[in-house]
Amino acid sequence: MNGKELLSEERLDFVREMMSIGAGNAATALRQLLQCEVNLSIPKLTISPAPQLPALLGDASLAVSCVKMDMVGDVRGEILFLVPDVQKENLIHLVERAMPGPKKSKLETDVSVLVEIGNILAGVYLTAIHDFCKLNIYHTVPTLAIDMLQSLMDEPLAALSRESQVVLLVETDFMLKEAPIKIFFLLLASESDFKKLGDSIERARMAYGSERD
Amino acid sequence: MGPNEIEVKMGEGVVARAPHVVSCVGLGSCVVAILYDVRRRIGGLAHIMLPESDSRNRHATPYRYADTAIATLLEGMKSRGAIPEDMVAKMVGGARMFSSCSHSSAGIGEQNAMSIKHILNTEGIPLVGEDTGGHHGREIEFHLVSGKLIVRAIGKRDREI
């Protein structure tokens, strides 16, 4: 099964719109958190069978920061945020400037900043899905790891590999005070869970379309 | 990538002879299991994702699962003239990348490593080199000429096992 069979072009457009709103909310959240101008690109969306994911992300040995959480509720799966490690410093620097707090160790600060941003972003993206599709989706407490991209994908992919699995990849460029930060938002789910999401998207799309007419 | 280099991706495997060099990038919870006939310099490498297969999926993707992967490697190596008595094994990977999740039970990485050890033990193939566990990703390069296995990780010195 390929991406096209999972979601038609119309549905994909709708998801793109949904994710644009998610990314817009994320930009607002970041703007408030960082107290600086935040602009964003139109999210680039890809849906594919999960084994092809490493190829979509590019260099398998690229160092990335990854915040991972489980998605529970009507649709189950996993959510991951990836930030290339070279850009992580920009983000952390901005957070530290916006929120000067008691001095902690460098590592401790980095971890808490990244986890907090992952938490906020997951919340806004899921709210977008929730509002559009009327699905109740929640996420568990996030965990962070920094390492080679492919090595971070191993466990989520292996855990899901007993049944066919699908990945929705949303790639958004945030411009924070001239510093570009590429954030990958990944939603991994089994084919059956993804179908549930697809059906809700279709219902929402029909309802949304008739409202507009 | 040179003509003698082979990259093995997640859930895949290969049997090759010297002078090939086999590599895997970005190992997390996956474990690379290597069998090597030291006299004939025939090697087999599997990039294993899960500790055991179930009856539904074992035929289509044997290298994904420890049990079917080792069996497939043994078969492939024997058909190329390797002798089990001359084989040694090495394994790398099996990390727990996200340290805080489900720390009460063994993660997939540990389960993979345990399963492979158990199978090697049953087959009577000695495990002569191992770099498993921890919380970091790894990259490997296996040289069939020498049987040398190089392990790389971010922020760590290269290791030979």
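Every chain is numbered from 1 and lettered A, B, ... according to where its sequence line falls, protein lines coming before strand lines.
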Take atom [atom1] of [X] as the centre, draw a 6.0 Å sphere, and report whether it contains more than 12 heavy atoms from other residues, nucleotides or ligands.
{"X": "A:Ile42", "atom1": "CD1", "result": "no"}
{"X": "A:Lys196", "atom1": "NZ", "result": "yes"}
{"X": "B:Glu75", "atom1": "CD", "result": "no"}
{"X": "B:Arg39", "atom1": "CZ", "result": "no"}

Interatomic distance, [X] atom [atom1] to [Y] atom [atom2] [nearest 0.5 angstrom]:
{"X": "B:Arg138", "Y": "A:Ser61", "atom1": "CZ", "atom2": "OG", "value": "15.5 Å"}
{"X": "A:Ile146", "Y": "B:His135", "atom1": "CD1", "atom2": "NE2", "value": "14.0 Å"}
{"X": "A:Leu152", "Y": "B:Phe98", "atom1": "CG", "atom2": "CZ", "value": "5.0 Å"}

Query - Non-hydrogen atoms of B:Gly26 and A:Gln150 that approach each other most closely - result: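 Shortest heavy-atom contact: O-CG, 3.1 Å.
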Report task. Go through the steps for B:Val25 and A:Met148 under the test side chain to side chain contact (heavy atoms under 4.5 Å, CB included), then give the verdict. Result -> CA-CA 9 Å; B:Val25 294; A:Met148 289 178 260; 5.9 Å; no
Query raised in the report: Looking at B:Gly137, B:Ser29, B:Ala95, which one has more heavy-atom pairs under 4.5 Å with chain A than the rest?
Result: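 Winner by heavy-atom pair count: B:Ser29.
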Query - N/O donor-acceptor pair under 3.5 Å between A:Asp154 side chain and B:Cys30 backbone - result: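 Yes; judged by distance alone, with no hydrogens or angles, the pair exists.
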